[in-house]
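Written out below as structure tokens is the structure these notes cover.
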Amino acid sequence: MGIEAKVAPSLGMERNITFMDKVHARLSAMGAQATGFVSQPEPRTIGSFAKGKQLAAGNFQFGGHLVQAEGRSLWEITPPDAMYEAELNGFTWLDDLAAVGDRASRLMAQAWVNEWIDRFGRGRGLGWSPDLTGRRLIRWINHALFLMNGQTPETNDIYYKSLAHQTAYLGRRWSVASRGLPRFEALTGLLYSSLSLSGMERFATPSTNALARECADQIDAEGGIPTRNPEELLEVFTLLTWAAAALREAGRTPLPAHLDAIERIAPTLRALRHADGGLARFHGGGRGMEGRLDHALAYSGVKAAQSRGLVMGYARMSGGRTSVVMDASAPPARNVSRTAHASTLAFELTSGRRALIVNCGSGAPFGAEWRRAGRATPSHSTLSIDGVSSAKLTAQLHGEFLTSGPLKVTEQRTVSESGHEIITSHDSYCAEYGLTHVRKMDLSLDGRRVTGEDTLAALSDPDRVRFEAHMNKVSLQGVPYSIRFHLHPEVDASLDMGGTAISLALKSGEIWVFKPSFSAKMTIEPSVYLEKGRLKPRASKQIVLSARVMEYASQVSWSLAKAQDTPSYLRDVDEDLELALN
């Protein structure tokens, strides 16, 4: 059921932006003039035809909420929460209406843009933050012909004035945007406007220089970003490729730091992509919008390159049609961990075009409780002691940040004639339990078999003292721990071989068999798959191996082997996809 539509007050939800944002938004209107386009970047934003038709039918789905309001404007609805309102004000939905492209969708887009200008164009509402303004300007400029076609000269003049107003605001406020994606959005929007609009040329050189500085400061030598969010890295990469293209079309050359960042990011994204083309879902990121990664990589012109060692803190193994991506580093630093997860040593596994082992994902679109649950270690395919996460959430003024995570994370990889081996460890549980988690995984070269060993051990004399002290507290009952393997919702799991194994059937016809060592109790339990764009979490299953640490070390071994392959005609399609991705 959708949320009942209610008429919103015209001033919106101003409490979500700062006082100074509102001041500068209103001051920016003074003297901001644009009479037309000098040049217009080619539209590169990708919309969804299906979502566009949904909008036209009055089904407004934003921020995990569905509002059914046929015949009403987007702006007449009381936003259920700030995330819903932020998505509205970013105007990415314009891509969807443009994807439909018929007269009805064009008239709807024009009406909603004009209404936004009337309601919020004087500096009101949540939309006056640098990142949302940058995101909005990119769409307004990308779809300028779509928005201006058939409009009166007076209406188009108001549109130009609003573009100039928002550009002048960004010229004042881009520097207060948070470092990372928000600032890249603000600067790319400012650059787009300065290159496109007559009268805004004065912002072109400053925004070009500032974008290059952000590339040098925020993109590390390996092409990663501080948040370690793969989908966020894709968004930054996409903005940088758009900005570079806009500069070239305007007869300018992107600065070396800008181009170097694109060169560094491309191989990193390729390494973080699974065999099915989607990104690994870690630290608040999803798989990425369909087609966005392929378009961005193709448009960048950066040739495929083999990444060695860790990539943005992740280890990747691949064999045959199987890919494994593991979080093999400490979580992001505290000041950039607002969306980070306690996922150290968690992994995901994809076979061909089908995801098999996953993490639950980001619960942010489904509210605060789901957001916290998705960030906890038990929501990831790794080990946790007694349900305790490997890092803690600490509430602060601007959100909940990760603290008390592992101080030391190790990683060692070898490649032999039999396959790939990775040995990783983290010490997050040492302070309380005296135990280090060591995970060893092997992937065969043909990708048909994965074996693993998860060990909890007191490795030093001080660790053994802590372990014994904890054992005395619990009356020598041992330290309970669980190893979880979350399954994609489309995986059918069933007990097999008298309950000693689990058969995992994929939609492609493949069957994998999971077997644990006898040192652990094995169960199939409910799980969830948290996915952007859906109204509620998808039900799924998880394999849980449970055991207790009674001595200085405890080890659980497990294996995952392909028992039945995909039919040959489907396998050929998968192999063609793999060639295209590489």
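- Proximity of Leu272 to Phe282: side-chain heavy atoms (C-beta onward) are nowhere separated by under 4.5 Å.
- Counting only N and O atoms by type, the side chains of His486 and His380 include no donor and acceptor under 3.5 Å apart.
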> Run the salt bridge (Lys or Arg N to Asp or Glu O under 4.0 Å) check on Asp294 and Arg273 step by step: do they pass?
Replying inline: CA-CA 11 Å; Asp294 291 332; Arg273 180 171 56 181; 3.1 Å; yes

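- The main-chain N or O of Ser48 is found under 3.5 Å from a side-chain atom of Asp96 such that the two form a donor-acceptor pair.
- A perpendicular orientation is assigned to the rings of Trp370 and Phe366, their planes being inclined by more than 60° (bins at 30° and 60°).
- Within the 3.5 Å criterion, the main-chain N or O of Ala373 finds a donor-acceptor partner in the side chain of Ser379.
- Donor-acceptor pairing under 3.5 Å is recorded for the side chains of Arg228 and His283.
- A salt bridge links Arg179 with Asp217: at least one charged nitrogen is closer than 4.0 Å to a carboxylate oxygen.
- Between Asn359 and His341, the side chains place no donor N or O within less than 3.5 Å of an acceptor N or O (distance only, hydrogens not considered).
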>> side-chain hydrogen bond (donor to acceptor under 3.5 Å, both in side chains) for Thr394 and Thr403? Distances and angles first, verdict last.
In response: CA-CA 7 Å; Thr394 300; Thr403 60; 2.7 Å; yes

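- Residues Ser178 and Pro130 fail the side-chain proximity criterion, which asks for heavy atoms closer than 4.5 Å.
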>> For Trp140 and Leu94: C-alpha separation, side-chain torsions, deciding distance, then whether side chain to side chain contact (heavy atoms under 4.5 Å, CB included) applies.
In response: CA-CA 8 Å; Trp140 283 26; Leu94 259 182; 3.8 Å; yes

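- A side chain to side chain contact (heavy atoms under 4.5 Å, CB included) with Leu560 holds for exactly one of Val513, Thr322, Leu504; it is Leu504.
- Donor-acceptor pairing under 3.5 Å is lacking for the side chains of Glu411 and Thr424.
- A donor atom on one side chain and an acceptor atom on the other are found under 3.5 Å apart for Ser390 and Thr377.
- Trp128 does not carry Arg173 over the face of its six-membered ring by the limits of under 6.0 Å from the centre and within 45° of the normal.
- Contact annotation: the side chain of Cys360 approaches that of Ser527 to within less than 4.5 Å [non-hydrogen atoms, C-beta and beyond].
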>> side chain to side chain contact (heavy atoms under 4.5 Å, CB included), that's the test. Do Lys562 and Ile511 meet it? Break it down for me.
In response: CA-CA 6 Å; Lys562 188 184 296 187; Ile511 295 178; over 6 Å; no

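- When atom types are taken as modelled, the side chain of Thr268 and the backbone of Glu222 share a donor-acceptor pair closer than 3.5 angstrom.
- Side chains of Arg548 and Gln477: no donor on one and acceptor on the other come within 3.5 Å.
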>> Run Glu531 and Arg538 through salt bridge (Lys or Arg N to Asp or Glu O under 4.0 Å) and show every step you take.
In response: CA-CA 8 Å; Glu531 191 174 11; Arg538 297 175 67 183; 3.3 Å; yes

>> Set out, in order, the CA-CA distance, both residues' side-chain angles and the distance that settles side chain to side chain contact (heavy atoms under 4.5 Å, CB included) for Thr350 and Arg321, then state yes or no.
In response: CA-CA 8 Å; Thr350 295; Arg321 298 165 53 247; over 6 Å; no

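- In terms of heavy atoms, Leu383 sits closest to Arg439 at N-NH2, 4.4 Å.
- Ring orientation note: the planes of His426 and Tyr429 are tilted relative to one another, at an angle of 30° to 60°.
- The existence of a salt bridge linking Arg292 and Glu235 is confirmed by a sub-4.0 Å separation between a basic side-chain nitrogen and an acidic carboxylate oxygen.
- Looking only at distances, no side-chain donor or acceptor of Arg183 sits under 3.5 Å from a matching main-chain atom of Glu214.
- Judged purely by distance below 3.5 Å, without hydrogens or angles, the side chains of His274 and Glu348 pair a donor atom with an acceptor atom.
- Look at Arg354 and Asp276 and you find no salt bridge, because none of the NZ, NE, NH1 or NH2 atoms lies under 4.0 Å from a carboxylate O.
- Within the 4.5 Å cutoff, side-chain heavy atoms of Gln61 are placed close to those of Gln54.
- Using cut-offs of 30° and 60° for the angle between ring planes, the Phe514 and Trp558 rings count as parallel.
- Smallest separation of non-hydrogen atoms from Pro230 and Leu269: O-CD2, 4.0 Å.
- A side-chain donor from one of Ser351 and Glu510 sits under 3.5 Å from a side-chain acceptor of the other.
- Here the side chain of Ser517 pairs a donor or acceptor atom with the backbone of Ser557 at under 3.5 angstrom.
- Between the side chain of Thr188 and the backbone N or O of Glu185, no donor-acceptor pair lies under 3.5 Å.
- The shortest side-chain heavy-atom distance between Phe237 and Leu297 falls under the 4.5 Å cut-off.
- Trp116 and Asn89 form a side-chain donor-acceptor contact under 3.5 Å, judged by distance and modelled atom types alone.
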> Taking it one step at a time, do Phe91 and Trp75 satisfy ring-ring contact (aromatic ring centres under 6.0 Å, His included)?
Replying inline: CA-CA 12 Å; Phe91 274 76; Trp75 310 112; 5.8 Å; yes

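- In this structure, a donor-acceptor pair under 3.5 Å is absent between the side chains of Asp327 and Thr344.
- Side-chain contact check for Thr227 and Glu232: at least one donor-acceptor pair (N or O, by modelled atom type) lies under 3.5 Å.
- Between the side chain of Asp427 and the backbone N or O of Lys408, at least one donor-acceptor pair lies under 3.5 Å.
- A salt bridge does not link Glu490 to Lys507: none of the charged side-chain nitrogens sits closer than 4.0 Å to a carboxylate oxygen.
- Ala547 and Ser519 get closest at one heavy-atom pair: CB-O, 3.8 Å.
- Remark: Glu400 does not engage Arg338 in a salt bridge, criterion side-chain N to carboxylate O under 4.0 Å.
- Across every non-hydrogen atom of Phe60 and Arg72, the tightest pair is CZ-O, 3.6 Å.
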>> Please evaluate residues Val450 and Leu349 with respect to the criterion side chain to side chain contact (heavy atoms under 4.5 Å, CB included), reporting the C-alpha separation (whole Å), side-chain torsions for both, the decisive distance (0.1 Å), and the verdict.
In response: CA-CA 10 Å; Val450 181; Leu349 184 150; 3.6 Å; yes

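- Of the N and O atoms on the side chains of Ser425 and Thr436, not one donor lies less than 3.5 Å from an acceptor on the other residue.
- Between Arg334 and Ser337, the side chains place no donor N or O within less than 3.5 Å of an acceptor N or O (distance only, hydrogens not considered).
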